[in-house]
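Here's the structure we're looking at; comments come further down.
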Amino acid sequence: MDCPACNGPMIVVEHAGIEVDYSPDCKGVWFDTGELELLLESMELDDSGLSMDEILALDEAKTDEKARRCPICNSKMLKVMIGSAPGVMIDACPNEHGLWFDGGEVGQVIRQLIDSQPSSTDKQGKVLSFLGEVFKAGD
Ligand SMILES: [Zn+2]
Ligand SMILES: [Zn+2]
């Protein structure tokens with residue numbers, strides 16, 4: 001699979017049974033539908049509002065950023081804002097193949113979700129360190 005942002009080759013990265021496609025060149029991450037939810041569930045972050053259905057129900061963000069194409073079906077992806085201020089703009093396949101995050105954005109969204117929880121757990125720390133190592137999520 002080629003990266004929808006830089007067209008470079010993507011590598012598959014696995015954590016706790018969840019596979020994501022990662023672009024070493026631009027540090028972007030592709031989640032097949034359902035994989036982001038599994039990752040969030042593994043961190044005990046429920047009700048994140050980030051299921052594919054919920055994301056596709058959001059209004060399309062107004063932006064000059066170039067549309068990207070789904071690496072699976074080649075359709076133009078929708079740009080939607082998720083998370084709390086500052087929101088993160090991600091790309092979603094209108095045919096529900098998955099979600100694209102630019103470099104560092106996955107870590108940003110997950111940190112926002114953790115900050116909105118009353119207490120953090122070991123599982124969240126483990127996934128965050130995985131994200132830090134693999135995705136180089138910045139602070
Ligand atoms: Zn890339
Ligand atoms: Zn698609």
Side-chain angles (χ1 to χ4, degrees):
M1 197 155 91
D2 292 337
C3 173
C6 71
N7 296 318
M10 309 255 278
I11 57 170
V12 175
V13 186
E14 189 265 338
H15 175 75
I18 300 154
E19 286 187 354
V20 299
D21 294 274
Y22 170 67
S23 170
D25 294 330
C26 70
K27 320 277 187 232
V29 183
W30 171 262
F31 285 89
D32 283 333
T33 298
E35 285 174 328
L36 177 62
E37 279 174 280
L38 286 176
L39 184 71
L40 297 175
E41 274 167 25
S42 78
M43 300 174 77
E44 299 171 349
L45 293 169
D46 301 327
D47 299 324
S48 59
L50 296 179
S51 72
M52 199 70 199
D53 288 349
E54 287 168 297
I55 286 173
L56 287 176
L58 297 170
D59 288 333
E60 219 178 329
K62 290 191 173 54
T63 173
D64 294 333
E65 206 180 281
K66 197 167 151 254
R68 298 200 169 111
R69 290 187 180 273
C70 170
I72 295 173
C73 69
N74 208 36
S75 296
K76 271 191 187 169
M77 292 195 280
L78 307 170
K79 297 205 181 275
V80 290
M81 284 291 237
I82 61 168
S84 46
V88 172
M89 196 164 58
I90 64 163
D91 299 81
C93 170
N95 299 320
E96 303 191 18
H97 287 123
L99 303 168
W100 172 257
F101 289 76
D102 286 322
E105 289 180 345
V106 182
Q108 203 178 323
V109 168
I110 288 177
R111 270 169 212 278
Q112 284 181 357
L113 288 170
I114 289 174
D115 288 347
S116 70
Q117 301 275 311
S119 59
S120 61
T121 70
D122 282 357
K123 286 177 184 172
Q124 291 168 357
K126 279 188 192 129
V127 175
L128 272 186
S129 64
F130 162 73
L131 289 169
E133 283 162 28
V134 178
F135 303 143
K136 307 280 189 285
D139 281 311

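In each ligand, atom 1 is the first atom listed, and ligand 1 is the first ligand listed.
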Check: Are the side chain of K66 and the backbone of A5 linked by a donor-acceptor contact shorter than 3.5 Å?
Finding: no
Next item on the list: Please find out if the Zn ion (ligand 1) and some N, O or S atom of S23 are separated by less than 2.8 Å.
Entry: yes
Margin query: How long is the straight-line distance from CD of E44 back to CD1 of I114, given to the nearest 0.5 Å?
Written below: 11.0 Å
Next item on the list: Please name the atom of H97, restricted to N, O or S, that is closest to the Zn ion (ligand 2).
Entry: ND1
Checklist line | Same apolar cluster (I L V M F W Y, side chains within < 4.5 Å links), V13/W100 | finding: no
Next item on the list: Kindly compute the distance separating CE (M81) from CD1 (I90), expressed to the nearest 0.5 Å.
Entry: 11.0 Å
Margin query: Within rounding of 10°, what is the angle whose vertex is the Zn ion (ligand 1) and whose arms end at SG of C26 and SG of C3?
Written below: 110°
